[in-house]
Q: 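The structure's right below; bear with me while I get my questions together.
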Amino acid sequence: MANPSPPLRWVMSKVLARAADPHRIAARRRKVESKRRKTGAEHVVEYFHQVDDGYSHLAAQMLGAFVERYRVRLVCHLVPPPSGPNTPEPDFLLDLSRYDAARIGPHYGLEFPGGSAPPDRGLVDLATRILAGVVTDSGAFVDAAPRVGDALWSGSEAALQGLFERYRPVGDAASVLASGERRRTGLGHYSGAMFHYGKEWYWGVDRLHHLERRLIELGAGHDGGETLSTPPAIQNGPRQDNGSMTLEMFPSVRSPYTALSFDAAVDLARATGVRLRVRPVLPMVMRGVPVTRTKGVYIFMDAAREARSHGLTDWGCYYEPVGRPVERCYSLYPWAVAEGRGIELLSAFMRASFREGINTNTDAGLCHVVEAAGLSWAEARAIVGKDAWNDCAWRDEIEANRRTMYDLGLWGVPSFRLLDAGGETRLRVWGQDRLWLVAHEIQRALAPRP
């Protein structure tokens, strides 16, 4: 997988392109809805709640408004934290969920009362017992989950004890968690804060708008065409920096989420006057981090859905660049930077891989990338892949970037860090869907002080 053979690379390309194919996704949706109508079944949405996950607490606050807005039957499940190869850094994920939820919540009209410290284990167990006792009653769960989350993340044992008395939970929490995990696994996922409808997954408040639009198109909405969870827009102004702040971006040229957001991040830095520092890292599988087929297919499907919402109509014409193509691209990066075209090289490589379906494992494919970046292929040929991976000069820089990213408590790509004029971290975030938060923080940092 880290460097597949040409035949396997071709197969991987076809499998992942198929996952992102909008025509195939639309056909599957039509089939699902045709079957539902024939049987007279309701629109059934399943929600998977993880008690100690910050993103789940935000999602829980949306449940009441969601079931009022849409004609659906909500089925709730309680699940344990993800484990195994689908979650290589579980502690990082939980830490980030608290940090991130506290920052994005207010922009959705939601609250996250927790701090940076993890909740007390005893309180997590008590919260789990309460919700396990009501999870089979969706109305009770919709009422209880935000209240329990508020008490848990506020660290209030008294409030949780009061909720325990109010709901009088009965049953075995361990068996409820096991049941939820079996259902989640059976449907093909691994995370908390997940919604499932009609063979598709939607993550938390960040992806709920996709599910809402789907339900609206099916006529299952009560109140017109407005969604509850529209993500904030990226705002490039009005305030301008003079280069005093620095936006660090940690991309991987094999990441679909990086490919979605790379050009937008560059545009944001240029529009706001913030200095941009691009710090490439290796793809996870080339760092020895496993990615299962389940996770890989979900990521590509989700990225394709995001791409369509951003108007990228050519997205998904994919040719797998993992392994040697990535190495060859990165071996050219220091030279491209010296030529003033480093950003253009990475952008052209990802466009070729994710939108043009070009095999970058060949000289012809890499030539296309180099020339699209405004660089000379004749010069590049004398540089690319000249040294073995273990001896190449750029390897140390790529590894240093990864270590910095991990030191920030981040591991996925793209990740971003915003530094103030003194070099202090103002914001650290993971994901293409956090550029709006970066933009907001830039404007906040540039606001006149009272």
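Side chains included, hydrogens not; waters and symmetry mates left out as well; all remaining heavy atoms used.
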Q: How long is the span from the CD atom in Gln240 to the CG atom in Leu446, to the nearest 0.5 Å?
A: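 That separation rounds to 8.0 Å.
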Q: May I ask you to say whether Glu217 pairs ionically with Arg214, meaning some side-chain N is under 4.0 Å from a carboxylate O?
A: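 Looking at Arg214 together with Glu217, the answer is no, because their closest N to O distance does not fall below 4.0 Å.
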Q: Can you tell me how far the CG atom of Asp21 sits from the CG atom of Leu16, to the nearest 0.5 Å?
A: 12.5 Å
Q: Below 4.0 angstrom, N of the basic side chain to O of the carboxylate: do Arg28 and Glu200 qualify?
A: yes
Q: Taking atom OG of Ser255 and atom CD1 of Ile299, what is their separation to the nearest 0.5 Å?
A: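 Ser255 OG to Ile299 CD1: 8.0 Å, rounded to 0.5 Å.
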Q: Strictly distance-based, threshold 3.5 Å: is any side-chain N or O of Thr258 a donor or acceptor partner for the main-chain N or O of Val253?
A: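 No: the side chain of Thr258 does not pair with the backbone of Val253.
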Q: Please answer whether the main-chain N or O of Leu268 pairs with a side-chain N or O of Thr272 as donor and acceptor at a distance below 3.5 Å.
A: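 The answer is yes, because a donor-acceptor pair under 3.5 Å joins these two groups.
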Q: Can you confirm whether the side chains of Glu306 and Gln432 place a donor and an acceptor under 3.5 Å from each other?
A: yes
Q: Do the side-chain N and O atoms of Tyr55 and Asp100 include a donor-acceptor pair separated by under 3.5 angstrom?
A: yes
Q: Between Arg9 and Glu320, what is the shortest heavy-atom contact and its length?
A: NH1-O, 3.1 Å
Q: Report the C-alpha separation of His107 and Trp436 in whole Å, then their side-chain angles, then the decisive distance to 0.1 Å, and conclude whether the ring-ring contact (aromatic ring centres under 6.0 Å, His included) test is met.
A: CA-CA 10 Å; His107 297 275; Trp436 65 264; 4.8 Å; yes
Q: How far apart are the closest heavy atoms of Arg287 and Trp411, and which atoms are they?
A: NH1-O, 3.3 Å
Q: Looking at CZ of Arg428 and CG of Leu418, how far apart are the two atoms once the value is rounded to the nearest 0.5 Å?
A: 13.5 Å
Q: Please answer whether the main-chain N or O of His57 pairs with a side-chain N or O of Gln61 as donor and acceptor at a distance below 3.5 Å.
A: yes
Q: Centroid-to-centroid, Trp430 to Tyr99, below 6.0 Å?
A: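 No, the ring centres sit 6.0 Å or more apart.
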Q: Apply the side-chain contact (heavy atoms from CB on, under 4.5 Å) test between Leu208 and each candidate in Tyr202, Trp203, Phe66; give the one that qualifies.
A: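 Option passing the side-chain contact (heavy atoms from CB on, under 4.5 Å) with Leu208: Phe66.
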Q: Treating Arg402 as the side-chain partner and Val281 as the backbone partner, does any N or O pair qualify as donor plus acceptor under 3.5 Å?
A: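 Between the backbone of Val281 and the side chain of Arg402 there is no qualifying donor-acceptor contact (under 3.5 Å).
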Q: Verify whether the ring centers belonging to Tyr298 and His189 lie closer than 6.0 Å.
A: yes
